[in-house]
Amino acid sequence: MNKIILLILVGVGLISTSCVPTKDLIYLQNKDQSDLSAAVNPVVAKPYRLQMNDIISITIKAIDPKLVAIFSPSNNGGEVGKSESSLYFDGFTVDDHGNIRMPVLGEINVIGYTLDELRLTIEKKLSEEYFNKEANIFVTVKLAGLRYTINGEIASPGTKTLFQEKVNILEAVANSGDITITGDRKAVTVMRQFPQGMEMHDIDLTDIKALQSPYFYIQPNDYIYVKPLKQKSWGTGKTGIESLTSIITVLTLITTTFLLLKK
C-alpha cells in the first residue's frame, strides 16, 4: 500500500511539473497588480532609418503624368493591388554603399534617412533641377512592406511581409499562427540590425510591461526567435492529460518488467 501511495505522489508531482501552466500562455498580464494606465503608456517609437537591403517604393506624381513617367514605371497603377514580387522588382533597393539608383536622378545616398527625409530630398532635387513650382510635383516614399523572419516554437515559421507602416510583435506572432504551447512567451528574442552591428533583446510577452519595450514594435529585417520550454525536452506532454498518459505508460512498463523478473 505504501508503495502505491508513493507512486501516486510521484505521478502527481511529475504531472504538476511537466505540463505547461496557464499563466505561461496568457499574454500581457498585470503581474505586479500595478496601475495599468502607467503600464500601457504609448511607446515612443523612433522613426525608422533606412538600412542596406531595404526596398523602397517611390511614387512621383504631377499634374501632367507624362512629365514624371520616366522616374517610376509603377506610377500608372498606384500602390493598390500590388503583389510582394512586383514591389520587389519595381522598388528601389538600398545597396551595400547605402545608395539607391533612380532614373535621371542617378544615385542618391539614403542610408540613415527617415522616409520623410528621403521624400524631402527627392522633392528638393526635382524642384531645383528639373521642374518648376507649376508642375506640382508630389512624392510619396514608403517601405515596400515590412519584412521580418520568425522561427522556433511558432506555428508557421518563415519570412513574412506585412504591408503596414507599424507592426508590433504580437501582430507578427499572430500573423505566423501564434506561439505553440511549448514556446517560451517569457523570453522571445528579437535580433535587430544596427549600423554598429546586430543586437539581441528578450521581451516577456506575458507581462503587460512589454508594451513599454523599444522592441515591442518590430522593424524591417528583424529576426524573431521563440525558444522552447523545458517541458518540450522532457517529452512528458503539454497538458495534464498527456502527462498522465505518459506517466501511466512508464509505470505500466516498469510494473510489467518487475513482475516478469520476479517470476
Side-chain angles (χ1 to χ4, degrees), residues 27-29 36-59 74 78-88 90-94 98 100 110-123 138-152 154-179 185 187-195 198-226:
Y27 295 109
L28 304 180
Q29 302 170 56
L36 287 179
S37 61
V40 298
N41 281 338
V43 177
V44 181
K46 295 181 180 179
Y48 178 69
R49 297 192 175 276
L50 295 169
Q51 302 179 36
M52 291 183 296
N53 299 321
D54 280 343
I55 302 175
I56 309 166
S57 174
I58 301 175
T59 304
S74 60
E79 299 298 326
V80 180
K82 283 191 174 183
S83 65
E84 182 180 345
S85 58
S86 66
L87 285 171
Y88 173 80
D90 291 341
F92 300 92
T93 303
V94 183
I100 59 172
V110 301
I111 199 76
Y113 280 51
T114 66
L115 296 179
D116 280 340
E117 289 171 349
L118 177 56
R119 174 183 60 81
L120 292 172
T121 298
I122 295 174
E123 286 181 347
F138 184 82
V139 180
T140 302
V141 179
K142 294 183 178 180
L143 285 170
L146 198 156
R147 184 173 177 270
Y148 68 95
T149 301
I150 189 165
N151 201 4
I154 196 79
S156 177
T159 299
K160 317 287 181 179
T161 301
L162 297 179
F163 297 102
Q164 300 173 218
E165 291 187 2
K166 284 188 177 182
V167 178
N168 65 53
I169 192 169
L170 291 178
E171 290 176 311
V173 166
N175 187 64
S176 303
D178 203 5
I179 298 173
R185 291 162 172 79
V188 176
T189 302
V190 179
M191 300 174 62
R192 180 167 297 170
Q193 183 68 45
F194 291 94
M198 187 75 72
E199 291 187 7
M200 298 174 60
H201 180 81
D202 284 350
I203 180 170
D204 183 358
L205 297 182
T206 67
D207 193 338
I208 198 169
K209 292 181 180 178
L211 297 175
Q212 298 176 326
S213 171
Y215 286 78
F216 182 71
Y217 283 95
I218 66 172
Q219 292 187 3
N221 304 313
D222 275 359
Y223 182 91
I224 304 169
Y225 178 66
V226 184

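These values consider heavy atoms only, across backbone and side chains, with no hydrogens, waters or symmetry-generated copies. This is a predicted model, so every value here is computed, not measured.
- Here Glu165 does not pair with Lys142 in a salt bridge; the nearest charged N to carboxylate O distance is not below 4.0 Å.
- The shortest side-chain heavy-atom distance between Asp202 and Val188 does not fall under the 4.5 Å cut-off.
- Once rounded to the nearest 0.5 Å, the distance linking OH of Tyr223 with CG of Asn151 reads 3.5 Å.
- Counting only heavy atoms from C-beta outward, the side chains of Tyr215 and Glu199 approach each other to under 4.5 Å.
- Scanning all heavy atoms of the two residues, the minimum distance from Val139 to Glu123 falls at CG2-CG, 3.4 Å.
- Contact record, Gly112 with Glu117: O-OE1, 4.2 Å, taken as the closest heavy-atom pair.
- Residues Gly177 and Ala155 come closest through the heavy atom pair O-CB, 3.3 Å.
- One distance of note links CZ of Arg185 with OG1 of Thr206; it measures 9.5 Å at 0.5 Å rounding.
- When every heavy atom of Leu28 is checked against every heavy atom of Ala210, the shortest pair comes out as CD2-CB, 4.3 Å.
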Compile the donor-acceptor pairs under 3.5 Å between side chains in residues 168-175 and protein atoms, sequence neighbours left out, one pair per line.
| residue | atom | partner | partner atom | Å |
| --- | --- | --- | --- | --- |
| Asn168 | OD1 | Leu170 | N | 3.0 |
| Asn168 | OD1 | Glu171 | N | 2.8 |
| Glu171 | OE1 | Asn168 | N | 2.9 |
| Asn175 | ND2 | Tyr148 | OH | 3.4 |

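- Sequence neighbours left out, the pairs with a member in residues 215-224 that pass salt bridge (charged side-chain N to carboxylate O under 4.0 Å, His left out) are Arg192-Asp222.
- In this structure, the separation between CD on Gln29 and CG on Asp204 is 8.5 Å, given to the nearest 0.5 Å.
- The backbone N or O of Asp178 sits nowhere less than 3.5 Å from a side-chain atom of Ser176 that would complete a donor-acceptor pair.
- Atoms CD1 and CG, on Ile100 and Leu50 in that order, are 8.5 Å from each other to the nearest 0.5 Å.
- Side-chain contact check for Leu146 versus Gln164: every heavy-atom pair is 4.5 Å or farther apart.
- Between the side chain of Gln51 and the backbone N or O of Gln193, at least one donor-acceptor pair lies under 3.5 Å.
- Closest of all the heavy-atom pairs between Thr161 and Gly145 is CG2-CA, 3.8 Å.
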Worksheet entry | Worked check of side-chain contact (heavy atoms from CB on, under 4.5 Å) between Tyr48 and Asp54 | CA-CA 11 Å; Tyr48 178 69; Asp54 280 343; 2.7 Å; yes
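- Side-chain contact between Leu143 and Pro220 is present, with at least one heavy-atom pair separated by less than 4.5 Å.
- The CD1 atom of Ile122 sits 7.5 Å away from the CD1 atom of Ile56 when rounded to the nearest 0.5 Å.
- Here the rule is side-chain contact (heavy atoms from CB on, under 4.5 Å) with Ile218, and of Val167, Val190, Leu162, Ile150 only Val167 fits it.
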Worksheet item: Could you walk me through whether Leu205 and Ile203 pass the side-chain contact (heavy atoms from CB on, under 4.5 Å) check?
Response: CA-CA 6 Å; Leu205 297 182; Ile203 180 170; 4.2 Å; yes
Item to complete: In sequence, state the C-alpha distance, the side-chain angles, and the governing distance for Tyr225 and Ile154, and then conclude on side-chain contact (heavy atoms from CB on, under 4.5 Å).
Response: CA-CA 9 Å; Tyr225 178 66; Ile154 196 79; over 6 Å; no
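- To the nearest 0.5 Å, atoms CG (Leu211) and OH (Tyr217) are separated by 8.0 Å.
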